[in-house]
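These notes are about the structure you will find just below.
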Amino acid sequence: MKRVRMVALVVLGMAVSGCAGVEAPSRNAPFEAPSVAAVAPSMKMVGFEVRVPNALKVSEANSYYPTGDIVWRGEPLGDRHAQVKKIFDESLAQVSKTSNGKVPVLVEIEVTRFHALTEKTRYTVGGRHEIQFVMHLLNPETRQPVAEPRPIDATFKAFGGARAIAAERNGVTQRKRIAGRLISVVQKELGKTSGVAAQGGDVVSRNVTETPVVKKPRKTALKASGKALVAGDRTNSLF
């Protein structure tokens, strides 16, 4: 019986030693930083084309929210399709001056909605400039798509009432704000998300810092009781 108890004591000692031996490598292992996903390269606009389809319906009704695809009062009465196209052309020309990405692209834009404010809305309750279009990014040489078409909603809040009147007195017209919004949105789509200063829609860059989670070493399953194991102790079930 005494021999059996001694064998059990030896086995217990080996088990405790084995647990400690397994845990040691985890404490001494070098910390591995979490992997960082690859960031897609920004694009450089080397050319652009803008289409404002004739199928888009123009409304000249001076109501709060007229039905129509194009509602534009920022310029004298005329060819609204041509006026909208010119706003896009001038905005993209400004983008091309600062576009400095790594992948050259030809940008094609098809306007689907250009709904600014009527006189009745602008000088009373205000509203939103609803600017929507589809952006196509093409290889400049082959004109093949380099990305999926991107439906863009550049809608933003418009000035109304006294604020609209004050803005116009200071030269901040609807046209200027809409052009600024287009510049910032297109710059963002091309990968330029910082250093943009444009009225009507500034782009804000966010730097996200991930804090790595460090796991604490797993504690050994056997805890010391503070009392030595003694062979022959009848109070311990191992002996």
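Computed from a predicted structure; not experimentally measured. All residue numbers refer to positions in the sequence shown, counting from 1.
When side chains are defined from C-beta on, K44 does not count as touching K102, because their heavy atoms never get closer than 4.5 Å. When side chains are defined from C-beta on, F156 does not count as touching R128, because their heavy atoms never get closer than 4.5 Å. No side-chain heavy atom of P145 sits less than 4.5 Å from a side-chain heavy atom of L137. A 4.5 Å side-chain heavy-atom check between Y64 and T118 finds every atom pair outside the cut-off.
Under the rule for a ring pair (Phe, Tyr, Trp, His ring centres under 6.0 Å), H81 has no partner lying at least two apart in sequence or in another chain. Partners of H115 by ring pair (Phe, Tyr, Trp, His ring centres under 6.0 Å), not counting sequence neighbours, listed by chain and number: Y65.
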Determine, step by step, whether E60 and R73 satisfy the salt bridge (Lys or Arg N to Asp or Glu O under 4.0 Å) criterion, reporting the C-alpha distance in whole Å, the side-chain angles of both residues, the deciding distance to 0.1 Å, and the verdict. CA-CA 8 Å; E60 298 291 348; R73 302 290 189 277; 3.5 Å; yes
Go through it in stages, so that I can follow the logic: the residues are I87 and R175, the test is side chain to side chain contact (heavy atoms under 4.5 Å, CB included), and I'd like the CA-CA distance, side-chain angles, deciding distance and then a yes or no. CA-CA 8 Å; I87 294 173; R175 195 181 194 282; 3.7 Å; yes
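Sorted by first then second residue, the side chain to side chain donor-acceptor pair (under 3.5 Å) pairs that include residues 147-158, not counting sequence neighbours, are R150-E189, D153-T155.
By the neighbour-count criterion of 12 heavy atoms within 6.0 Å, atom CD of E141 is sparsely surrounded, having that number or fewer from other residues, nucleotides or ligands.
The residues K85 and E90 are annotated as not salt-bridged, no charged nitrogen and carboxylate oxygen being separated by less than 4.0 angstrom. Ionic pairing of E168 and R122 is present here: one or more N-O contacts between side-chain nitrogen and carboxylate oxygen are shorter than 4.0 angstrom.
Side-chain N or O atoms of S99 include one that pairs as donor or acceptor with a backbone N or O of M45 at under 3.5 Å.
Rounded to the nearest 0.5 Å, atoms CG (N100) and CE (M43) are 12.5 Å apart.
Cluster membership check: F159 does not share its hydrophobic cluster with L117, using side-chain heavy-atom separations under 4.5 Å among Ile, Leu, Val, Met, Phe, Trp and Tyr.
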